[in-house]
Amino acid sequence: MAKKAGKTNARAWQRMLSGRRLDLLDPSPFDVELEDIAHGLARVARWNGQTIGDHAFSVAQHSVVVEEIARMLEPELTPDWQLVVLLHDAPEYVIGDMISPFKNVLGGNYREVEHGLHQAIHLRFSLPADPPVKITKLAKRADIISAYFEAVELAGFSKDEAKELFGSPDDLTPSQQKIIAEMVTPQEPVVAQAAFIGRFQAIEKAFSGQQ
């Protein structure tokens, strides 16, 4: 597990709808539940909610898109690593989706808490606490490609501006790009939640067969 962030007398746990009490400073895999993750991520908005449409584009929906992109980039990606990619933003069900510049301002303690949560989540689902660097890099690349499409399709960025910030999505074929552009259509929270759980369960079934 990651080194624990500095202890404090203030309450550092959150009660989940499942009844679990998750300690942010010392998270236990036994307090992590898929339903809590899906419920939370489906109600956390990407881009601080500054996107078009009747609904926010949630982290749950973003996670499904990123996992799809990762499989496009790496067709032989095995189910265990598919699950790691799907869960790449899972700590945000507890700590929310903070934009990268603000994460940089907060610095060490935020990263420490985020890392500890990630490790607990991975262990809960029989994944390595710290996945291989190549998988982390793949998830990051897929995440950035998703951000490009979200920026252009939802957040009011021009293609040139998005390319300047996130790079070109040319890793994907034109047909793949069309699929991703269509996927970044905001969904109601209950729909995004169900889609996240459905994708998780499909990967987990394949992962069980892999073991």
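Computation of the quantities below employed the complete heavy-atom set of this structure, encompassing side-chain atoms and omitting hydrogens, waters and symmetry-equivalent molecules. Quick caveat, the model's predicted, so the values are computed rather than measured.
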Determine the minimum heavy-atom distance between Val152 and Ala162, stating which atoms define it. CG2-CB, 3.6 Å
In chain order, what residues pass the salt bridge (charged side-chain N to carboxylate O under 4.0 Å, His left out) check against Lys205, with sequence neighbours excluded? none
Sequence neighbours left out, what passes side-chain hydrogen bond (donor to acceptor under 3.5 Å, both in side chains) with Asp31? Give chain and number order. none
Under 3.5 Å donor-acceptor, Gln82 side chain and Leu77 backbone: yes
Residues passing the side-chain hydrogen bond (donor to acceptor under 3.5 Å, both in side chains) test with Ser18, sequence neighbours excluded, are Asp36
Which of Val94, Leu24, Ile95 passes side chain to side chain contact (heavy atoms under 4.5 Å, CB included) with Glu114? It is Ile95
Nearest heavy-atom contact between Leu41 and Ser63 is CD1-OG, 4.4 Å
Smallest separation among heavy atoms of Gly40 and Tyr93, with atom names: CA-CB, 4.2 Å
Does Lys134 form a side-chain contact (heavy atoms from CB on, under 4.5 Å) with Leu138? I'd like the steps, not just the answer. CA-CA 6 Å; Lys134 67 178 183 179; Leu138 174 64; over 6 Å; no
Same cluster (ILVMFWY, side-chain, under 4.5 Å), Val191 and Val66: no
Determine yes or no for a side-chain-to-main-chain donor-acceptor pair under 3.5 angstrom, with Arg15 supplying the side chain and Arg21 the backbone. no
All pairs passing side-chain hydrogen bond (donor to acceptor under 3.5 Å, both in side chains) where residues 68-81 contributes a residue, at least two apart: Glu67-Arg71, Glu68-Arg71, Thr78-Asp80, Asp80-Gln210
For Ser146, check side-chain hydrogen bond (donor to acceptor under 3.5 Å, both in side chains) against everything at least two apart and list the hits. His62, Glu150
Applying side-chain hydrogen bond (donor to acceptor under 3.5 Å, both in side chains), can you list everything that pairs with Ser175, at least two apart in sequence or on another chain? Thr173
Donor-acceptor check, side chain of Asp23 to backbone of Leu25, threshold 3.5 angstrom: yes or no? yes
Okay, side chain of Glu204, backbone of Leu83: is any donor-acceptor separation there less than 3.5 Å? no
Could you pull out all residues at least two apart from Glu35 that satisfy side-chain contact (heavy atoms from CB on, under 4.5 Å)? Glu33
In Å, rounded to the nearest 0.5 Å, how long is the span from CH2 of Trp13 to CZ of Arg20? 14.5 Å
Under the side-chain contact (heavy atoms from CB on, under 4.5 Å) test, which residues partner Pro169, sequence neighbours left out? Ile145, Tyr148, Phe149, Gln177
Measuring from atom CZ of Phe200 to atom CG of Leu34, what distance do you get when rounded to the nearest 0.5 angstrom? 5.0 Å
Spacing of CD1 belonging to Ile121 relative to CG belonging to Asp89, to within rounding of 0.5 Å: 10.0 Å
Taking atom CG of Asp143 and atom CD1 of Ile69, what is their separation to the nearest 0.5 Å? 8.5 Å
Should side-chain heavy atoms under 4.5 Å link Ile, Leu, Val, Met, Phe, Trp and Tyr, which residues sit in the same cluster as Phe30? none
Mind checking the NE2-OG1 spacing from His55 to Thr185? Nearest 0.5 Å is all I need. 11.5 Å
Who are the side-chain contact (heavy atoms from CB on, under 4.5 Å) partners of His122, not counting sequence neighbours? Val84, His118, Leu127, Pro131
Give, for atom CD1 of Ile180 and atom CG of Leu172, the distance between the pair rounded to the nearest 0.5 Å. 6.5 Å
Does some side-chain heavy atom of Ser58 sit less than 4.5 Å from a side-chain heavy atom of Arg46? no
Is there a side-chain contact between Leu154 and Pro186 in this structure, where contact means two heavy atoms from C-beta onward sitting under 4.5 Å apart? yes
Is the shortest side-chain heavy-atom distance between Lys140 and Ile144 below 4.5 Å? yes
Closest non-hydrogen atom pair between Ala38 and Ile197, with its separation: CB-CG1, 3.5 Å
Residue pairs passing the salt bridge (Lys or Arg N to Asp or Glu O under 4.0 Å) test with at least one member in residues 155-175, sequence neighbours excluded, are Arg141-Asp171
Measure the shortest side-chain to side-chain distance between His115 and Asp130 over non-hydrogen atoms and say whether it is less than 4.5 angstrom. yes
Measure across Ala60 and Ala192 and return the closest heavy-atom pair with its distance rounded to 0.1 Å. CB-O, 4.1 Å
Search all heavy atoms of Val85 against all heavy atoms of Ala139 and return the closest pair with its distance. CG2-CB, 4.1 Å
I would like to know whether Ile52 and Phe57 meet side-chain contact (heavy atoms from CB on, under 4.5 Å); could you show each step before the answer? CA-CA 9 Å; Ile52 63 173; Phe57 186 75; over 6 Å; no
The side-chain contact (heavy atoms from CB on, under 4.5 Å) partners of Arg43 (sequence neighbours excluded) come to His39, Pro189, Val190, Gln193
